[in-house]
There are 2 protein chains.
Amino acid sequence: MKATYFDGKNLNYDDNYPVPQPGEALVRVNLAGICGTDLEILDGYMKYHGILGHEFVGTVEKSGNPDLIGRRVVGEINAGCGVCDSCKKGMERHCPNRTVLGILNRNGAFAEFLSLPEKNLHVIPDSITDEQAVFVEPLAAAFEIKEQVSLQPQWSVAVVGDGRLAQLIIKVLKLTCPNITCFGKHQSKLVGILTDGVKIKIGIESSDEQSFDLVVEATGSNSGFSDTMKLIKPRGIVVLKSAIASRENLDLTPTVVNEITLVGSRCGLFKPAIDALATGMVSVDSMIDSTYPLEKFSEAIQHAKEPDTLKVFLKP
Amino acid sequence: MKATYFDGKNLNYDDNYPVPQPGEALVRVNLAGICGTDLEILDGYMKYHGILGHEFVGTVEKSGNPDLIGRRVVGEINAGCGVCDSCKKGMERHCPNRTVLGILNRNGAFAEFLSLPEKNLHVIPDSITDEQAVFVEPLAAAFEIKEQVSLQPQWSVAVVGDGRLAQLIIKVLKLTCPNITCFGKHQSKLVGILTDGVKIKIGIESSDEQSFDLVVEATGSNSGFSDTMKLIKPRGIVVLKSAIASRENLDLTPTVVNEITLVGSRCGLFKPAIDALATGMVSVDSMIDSTYPLEKFSEAIQHAKEPDTLKVFLKP
């Protein structure tokens with residue numbers, strides 16, 4: 001099959017890569033999305049080698065569950081061992097022996113086929129297009145914030161970052177909190193966010209400091225954490241959404257002195273994201289950028305790396 | 001008056017230091033305690049210059065409130081501006097213009113007299129001795145954890161550190177959570193903790209890793225944070241109690257990947273601590289070490305710095 005895999009140094013293309021072995025559902029990938037995490041993996045994050053890609057929509061070709069065959073699906077990306085304490089509690093996402101599609105010990109979606117356990121798959125209603133369906137995984141990651149933090153409508157909320165994940169987070173937070181300010185860097189992206197009725201700022205003014213009840217760090221850059229800590233009120237809640245922004249030279253002293261709560265946040269459950277897209281509660285259409293054939297992965301990755309790019313798709 | 005003050009380099013003694021000016025309650029210090037924070041200030045923390053000391057019990061000599069005069073009191077150490085949003089919400093502890101007794105722009109308790117706003121003072125019942133009363137401030141800091149985290153009795157709890165604050169935290173957590181393990185370094189201190197019915201360990205075994213629902217970091221050392229992050233379960237709660245342990249070379253990536261919640265925790269309200277001492281719910285008698293006259297501050301500080309020392313008092 002056609003596949004784009006990472007050997008630890010370069011992203012390679014192979015049109016004769018082995019098809020995944022049976023034992024799980026075999027899914028033919030209709031469309032895959034390029035995520036910031038993919039770009040981080042290409043920079044060495046997770047030390048992952050193999051087929052990249054964890055945002056996808058596909059069609060089930062083989063499965064032990066006949067009801068799934070031929071259905072259009074998206075898939076939760078964490079596959080637990082099924083027997084540990086985390087898995088028994090339904091927290092496969094935190095199984096210490098988990099594999100993660102395109103991220104950890106499991107080939108991903110930048111290929112003609114992928115395999116996942118049947119229970120990871122969610123059938124997608126016809127009202128959701130393929131392009132929209134690819135957003136289910138990152139949108140679920142945004143909805144995870146609502147699982148972890150009891151959002152209050154009167155809160156003053158800041159989102160630090162203006163990239164793809166930041167924009168999805170803003171769409172989700174807006175469902176509860178009308179008062180949101182986005183601190184970004186790229187004027188062109190911020191225009192898209194402005195149409196969502198959100199205040200936008202480039203740079204932090206002194207009047208912004210310590211003035212937000214909730215700050216979500218979603219920059220994917222090293223300066224994200226210090227900007228976030230400038231904005232948060234004493235006793236406020238910070239949600240950390242990007243792992244890459246949270247390394248090195250951090251000083252947690254203000255966290256202790258100002259009694260900040262930092263909430264690490266990663267993957268979310270798919271159902272709220274599917275429901276939000278199906279009902280039109282959240283629209284992602286303004287975030288669709290362009291689609292490349294899988295063979296043009298190199299151009300697609302280059303495009304995705306440019307600061308103003310929204311969601312780029314690969315079509316096997 | 002007699003006072004021990006820090007000039008940024010050395011701790012000095014002066015028997016003719018000016019008595020605090022009127023405008024607040026004037027308190028004659030009966031007894032003051034030496035805290036880890038005092039030792040950190042002597043190492044440069046907070047860049048504080050002035051009279052050290054924030055744990056005390058004293059007798060009110062002058063006050064605009066005649067009911068206070070002659071009463072034995074302890075005092076909340078943060079004095080807010082009274083007009084900002086934090087102060088209006090009763091959160092003087094987070095007032096951006098606050099002074100803090102013996103820590104920030106306010107002379108402290110290692111002296112014959114100190115001054116504090118009347119509303120900061122709490123009258124101490126006769127059933128609490130002077131030595132016990134000095135523990136109200138650090139015990140309030142331990143009770144702050146109960147204000148911030150909804151403790152569950154079935155939780156497996158770890159306290160990292162075996163010093164004075166760690167021991168008070170263990171006493172407070174034990175009121176709700178019977179299953180506590182203390183990870184310490186000093187065998188002699190751990191014996192004291194053992195009598196509280198708490199499991200003690202020197203060093204982390206592989207079976208301890210990711211096995212605690214709640215971990216409290218109270219080491220006051222740089223290795224505290226990484227040990228803490230080894231112990232916490234995915235989706236667990238970490239309470240950060242020591243600012244000094246939270247600087248430099250930190251990696252928050254596991255916080256995001258394992259969706260940990262980090263709760264910074266500093267000072268607490270005095271009432272729960274006074275009640276716990278008055279009712280005997282918490283006993284601090286095993287933590288009393290020795291008392292030095294204020295003039296012997298230098299020997300007292302040296303003693304407090306030794307790893308096995310419990311609470312050392314200064315008597316003006």
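Reminder, nothing fancy here: chain letters follow the sequence lines and each chain counts from 1.
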**Prompt:** Can you name the residues of residues 258-267 of chain B that have some heavy atom under 4.5 Å away from a heavy atom in chain A?
**Reply:** B:Asn258, B:Glu259, B:Ile260, B:Thr261, B:Leu262, B:Val263, B:Gly264, B:Ser265, B:Arg266, B:Cys267
**Prompt:** Mind checking which of residues 97-108 of chain B sit less than 4.5 Å from chain A, heavy atom to heavy atom?
**Reply:** B:Arg98
**Message:** I need the contact set between residues 139-151 of chain A and chain B: heavy-atom distance under 4.5 Å, sorted by residue number.
**Reply:**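 Contacts with chain B: A:Glu144, A:Gln148.
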**Request:** Against chain A, label B:Lys241 side chain, backbone, both or neither, depending on which of its atoms sit under 4.5 Å from a heavy atom there.
**Result:** backbone
**Item:** Pairs of heavy atoms under 4.5 Å with chain A: top-ranked of B:Asp85, B:Val238, B:Val257
**Value:** B:Val257
**Request:** Determine whether A:Lys233 and B:Met91 make a side-chain contact, defined as any pair of heavy atoms from C-beta on separated by less than 4.5 Å.
**Result:**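 Not touching, per the 4.5 Å side-chain cut-off.
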**Prompt:** Is the closest side-chain heavy-atom distance between B:His94 and A:Gln210 below 4.5 Å?
**Reply:** no
**Partner set under side chain to side chain contact (heavy atoms under 4.5 Å, CB included) for A:Asn120, not counting sequence neighbours** =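 Here the qualifying residues are A:Glu76, A:Ala79, A:Leu116, A:Pro117.
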